[in-house]
Protein chains: 2
Amino acid sequence: MTVMHTRPRAFSMMENTMNERPFAQAINRLREVDLRPTRQRLALAKLLFEGGCDRHVTAETLHEEAQRSGARVSLATVYNTLHQFTDAGLLREIMVDSGKTYFDTNIHDHHHFLCERSGELTDIPAHMVTVAELPQAPDGRRISRVDIVIRICDQ
Amino acid sequence: MTVMHTRPRAFSMMENTMNERPFAQAINRLREVDLRPTRQRLALAKLLFEGGCDRHVTAETLHEEAQRSGARVSLATVYNTLHQFTDAGLLREIMVDSGKTYFDTNIHDHHHFLCERSGELTDIPAHMVTVAELPQAPDGRRISRVDIVIRICDQ
DNA sequence: TGCATTTCTAGAGTTATTCTAATTTAGCCT
DNA sequence: AGGCTAAATTAGAATAACTCTAGAAATGCA
Ligand SMILES: [Mn+2]
Ligand SMILES: [Mn+2]
Ligand SMILES: [Zn+2]
Ligand SMILES: [Zn+2]
């Protein structure tokens, strides 16, 4: 399956070598999308993108994590920042169940396992799913994305 | 002067069961799962299943529709009924975006177009999508369903 | 027809999210 | 460095979409 993603390249704190100025990449990346690199945005970027592993966070979970790490960021700012990062192509929004919005640090073409017991999301790289045939988009429309959620349960 | 004492006819469940053929199936289905065919449930079943076309409703939209049709059903009952119908296998729940829960009258294997402009859902019969390869479910789990949402936008 | 059980309902409560308006901060310009 | 202005942050209020509660009504059974 091929869906056109003309999205900015993933922003990764891992690209910083240890001795480079901390946050240099983050600051540049935020500048590119006209977001001032404030203390709050940098703290959240660090939590989201440092460590490199793909994450699925809610505003609430990221806020708690920020508190625990000692960063003083309001919940309103966490919401604002998650949406700004999403608009900037640094995050992807996923709405999958139970009225909660997840933000995915993996912006590459991929799909998800959804655990029906816990609600946990797990990435599936795009190459592991082959869609041989898709219907045409209705007249005057085009396909912007194909989201595949594989729901898993016990046994 | 003549005063008409036309006592409102008592509601007869038997009459409805026998005469209103479109609901015979729903009523039997409800009986199977121990849901009494009450005035409210039958009114909502009529709105949902009469006309045959596949629908994607929210509690709010179905409640408005019920009001307009003259049925007096509380919003709480609409929520209860939609969940009961879902548990009974008469509806399927879809959570696709914007924190709203949609209920789908099409319970057969199928997928959806999602209009990114309006949020409107449209059915795609399962045979129009061919999935050639799927990843294995994690150890001790099995795939319960594969949901495919094709997001469409303008142009 | 009486009675236990189920269902319905208004309104209160909850949760996730957005809005508002006052305060603080960032970036730029002397 | 100090001042200015737009952007950003924040606490708390507001909203949206449910969910719960507890009393009233309907239902089905004997
Ligand atoms: Mn993901
Ligand atoms: Mn459908
Ligand atoms: Zn799980
Ligand atoms: Zn549309």
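Chain identifiers are assigned alphabetically (A, B, ...) following the order of the sequence lines, protein sequences preceding nucleic acid strands; residue numbering begins at 1 within each chain. As the structure is a computational prediction, the values presented were derived from the model and not from experiment. Atom set for the values below is all heavy atoms of this structure, side chains included, hydrogens, waters and symmetry mates excluded.
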*Please work out whether the ring planes of B:Phe103 and B:His83 are parallel, tilted or perpendicular, with thresholds of 30° and 60°.*
perpendicular
*May I ask you to decide whether A:Arg55 forms a salt bridge with A:Asp104, counting only side-chain N to carboxylate O separations under 4.0 Å?*
no
*Assign A:Thr58 to base, sugar-phosphate, or nothing according to its heavy-atom contacts below 4.0 angstrom with the strands shown.*
nothing
*Which whole-number value in Å describes the distance from A:His63 NE2 to C:dT15 P?*
17 Å
*Under 4.0 Å between a side-chain N/O of B:Thr101 and OP1 or OP2 of D:dA17, yes or no?*
no
*Just how far, in rounded Å, is C1' of D:dA17 from OH of B:Tyr102?*
12 Å
*Near DNA chain C, under 4.0 Å by heavy atom, which residues of residues 76-87 of chain B?*
B:Ala76, B:Thr77, B:Asn80
*Give a yes or no on whether the backbone of B:Val73 and the side-chain of B:His63 come within a donor-acceptor separation of less than 3.5 Å.*
yes
*Take the protein atom CG of A:Leu42 and the nucleotide atom C1' of C:dG27, then report the distance between them rounded to whole Å.*
15 Å
*With a non-hydrogen cut-off below 4.0 angstrom, is B:Leu75 in contact with a base, only sugar-phosphate, or nothing?*
nothing
*Provide, to the nearest angstrom, the distance between the CZ atom belonging to A:Arg41 and the P atom belonging to C:dT25.*
15 Å
*Nearest nucleotide by nearest heavy atom, which residue falls closer to the 5' end of DNA chain D, A:Val73 or B:Ala59?*
A:Val73
_Rounded distance (Å) that lies between atom P of D:dA16 and atom CD of B:Glu64_ = 13 Å
*Taking atom types as modelled, find out whether B:Gln40 and B:Thr81 have a side-chain donor-acceptor pair closer than 3.5 angstrom.*
no
*Using the rule that two of Ile, Leu, Val, Met, Phe, Trp, Tyr join whenever any of their side-chain heavy atoms come within less than 4.5 Å, decide whether B:Val149 and B:Val129 are in one cluster.*
no
*Listed nucleotide nearest any side-chain atom of A:Arg36, set D:dG28, D:dA8, D:dC18*: D:dA8
*asked:* Starting the side chain at C-beta, find the nucleotide from D:dG28, C:dA26, C:dG27 nearest to A:Thr38.
replied: C:dA26
*Please check if any side-chain donor atom of A:Asn106 sits under 3.5 Å from a side-chain acceptor atom of A:His56, or the reverse.*
no
_Whole-Å gap separating P (C:dA16) and CD (A:Glu60)_ = 6 Å
*Below 4.5 Å, heavy atoms only, C-beta onward: do B:Leu44 and B:Leu82 meet side chain to side chain?*
no
_So if I take every side-chain heavy atom of A:Ser74 and compare against D:dT10, D:dA8, D:dT27, which nucleotide ends up nearest?_
D:dT10
_B:Leu35 CG - D:dA26 C1' separation (whole Å)_ = 15 Å
*Is any side-chain N or O of A:Arg72 closer than 4.0 Å to OP1 or OP2 of D:dT10?*
no
*asked:* Distance check needed: D:dG28 P versus B:Arg39 CZ, whole Å only.
replied: 13 Å
*Between D:dT27, C:dG27, C:dT9, spot the one nearest the side chain of B:Gln40, thanks.*
C:dT9
